[in-house]
Protein chains: 2
Amino acid sequence: MFSKACEYAIRSTIYIAEQSNLDKRVSITDIAKAIDSPEAFTAKILQQLSKNQIIDSIKGPNGGFSIEKKNMRNLKLSQIVLAIDGDSIYKGCGLGFKECSEKQPCPVHNKFKIVRDELKYMLENTTILELSLGLKEGLTFLHR
Amino acid sequence: MFSKACEYAIRSTIYIAEQSNLDKRVSITDIAKAIDSPEAFTAKILQQLSKNQIIDSIKGPNGGFSIEKKNMRNLKLSQIVLAIDGDSIYKGCGLGFKECSEKQPCPVHNKFKIVRDELKYMLENTTILELSLGLKEGLTFLHR
DNA sequence: ATAATAAAAGATAATTTTATCTTTTATTTA
DNA sequence: TAAATAAAAGATAAAATTATCTTTTATTAT
C-alpha cells in the first residue's frame, strides 16, 4: 500500500503526538526504539516531515521532535502520505497508465475508483490526535 | 497499490482474454505492444501466470498465450494479484507490523480494515471476462 | 568561550524491484 | 528429419528503495 518510508513516517508521527500530549520531546533514538524502525533511515524521514512542517524539530540538548497540541486535531494521515509518497495513491491509475482518465479509462478504472475514494476519505478524515489517543488508552500498539 | 509486475500481469490477462474471445492466440510481442509494457519483463510475468494456471501457453509456431472461454467468467482479479504480489495486500498491516492483529491492533488497523475489505471484495468479485468485454466494446482502453 | 548534545546534510552501501539478454526446450511445418 | 517458431529457463544489468555512516550546523549548559 505505502512505502516503508511512509509506514515509518506514520508510526513516527503517531508516537511523537502521543509523547507531545505528555509534553515530552523525543529524540531520533527514542522514536526508532518505540516504533521498531532502523534509526538512521528514520532520521531521514523525520527530516522530510520536519521540512513539510508536519512535525517540529529542535537541535541541541533537550532538543528532539514534537507536535504542537493545537495542531494535532487538524493533522490528517493524508498530509503524511502526501509528503512522503506523493499523490499517486489518489491520482494514479490502478494499472499504472499515465493516460488513464475518466474520458479514457483503463479496464479497472471504475472498479478502483470506489476503493481509492474510500481510502482517500479515510486518510483525509483520520487525525493524528485520535490515533495517538488509542495508543495512550492502550487500545492500539506500535510494537510487538 | 500493486507492483509493476502485477500491473503488467493484470493488463496482460485482460488483453489475452479479449483476444481469446476472438479465438486468437497472442505472442509475447503482441502482448507487450498491446499493453505498452517492456517485452522481456512481461515474458517473465507471463511465465508466472502460466505456472499458476491463470493463462495457457503453447510453444512453437502458432503458439502463444490464451485463456479458455469457459474459465474467463470464473477468473477473478484476486487470483492474479495473489499469484504475483502474494497476500500482503489482504493480510498485511497498513503500517507494516508483522505482529499486528485484531487482538493487538496497530493504530490504523481498524481504519484500514474497512478499505482493505472493500478492495478484497472488489478483487474477488471482478472477473476477467467483464473487464475484457469493456475493452471489446470500446468503453475502456489498454494504451494511450 | 568551550564542551556536550542532537538534528541536518551529505556520501555511500545493501537490497529489492524492474528490466534485458542469452541459451534451452517444445512444437510445427516444410 | 531439418529448419523455423515461440515460450521457458537462466544469467546479468539497471534503477529504485531501503538503510547506514560521516561530517556539519545549531543549541544549550558549564
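Each chain gets a letter, A, B and so on, in the order the sequences are listed, and its residues count up from 1.
Taking every side-chain heavy atom of A:P61 into account, D:dT27 is the closest of C:dA7, C:dT20, D:dT27. Nearest to the side chain of A:S3, among C:dT18, D:dT18, C:dA8, sits D:dT18.
For NZ of B:K4, the number of neighbouring non-hydrogen atoms (other residues, nucleotides, ligands) closer than 6.0 Å is greater than 12. Within a 6.0 Å radius of NZ in A:K69, more than 12 heavy atoms belonging to other residues, nucleotides or ligands are found. More than 12 heavy atoms of other shown residues, nucleotides or ligands fall within 6.0 angstrom of atom NZ in B:K76.
The base of C:dA9 is paired with the side chain of A:Q47 by a donor and an acceptor separated by under 3.5 Å.
Summarising the geometry, the separation between CG on B:D85 and C1' on C:dT17 is reported as 11 Å, rounded to the nearest angstrom. If you measure from atom CG of A:D56 to atom P of D:dA26, you get 18 Å, rounded to the nearest angstrom. The distance between atom NZ of A:K59 and atom P of D:dT24, rounded to the nearest whole Å, is 13 Å. Separating the CD1 atom of B:I35 from the P atom of C:dT18 is a distance of 14 Å, rounded to the nearest angstrom. Between A:Q48 atom CD and D:dT17 atom P there is a gap of 12 Å when expressed in whole angstrom units. For the pair B:I84 CD1 and C:dT17 C1', the computed distance is 13 Å after rounding to whole Å. Straight-line distance from the CZ atom of B:F2 to the P atom of C:dT17: 16 Å, rounded to whole Å. In this entry the distance linking CD1 of B:I45 with P of D:dA9 reads 15 Å, nearest Å.
Regarding contacts with the backbone of D:dA8, every side-chain N or O of B:K51 stays at 4.0 angstrom or more from both OP1 and OP2. Listed pair A:K44 / D:dT20 fails the phosphate criterion, with no side-chain N or O lying under 4.0 Å from OP1 or OP2. Close to C:dA19, at under 4.0 Å from its OP1 or OP2, lies a side-chain N or O of B:Y8. Between A:S50 and C:dA8 there is a side-chain N or O to OP1 or OP2 distance below 4.0 Å. In this structure, B:N62 reaches the C:dT29 phosphate: one of its side-chain N or O atoms is under 4.0 Å from OP1 or OP2. In this structure, B:S27 does not reach the D:dT5 phosphate: none of its side-chain N or O atoms is under 4.0 Å from OP1 or OP2.
When heavy atoms are screened at a 4.0 angstrom cut-off, A:I58 is found touching the sugar-phosphate backbone but no base atom. Using a 4.0 Å heavy-atom cutoff across all strands shown, A:L46 reaches no nucleic acid atom at all. B:T29 comes within contact range of no nucleotide atom at all, as no heavy-atom separation falls under 4.0 Å.
In summary, the side chains of B:T29 and B:E39 do present a donor paired with an acceptor at a separation below 3.5 Å, with no hydrogens or angles considered.
In this structure, A:K113 does not pair ionically with A:E118, as no charged nitrogen and carboxylate oxygen lie closer than 4.0 Å.
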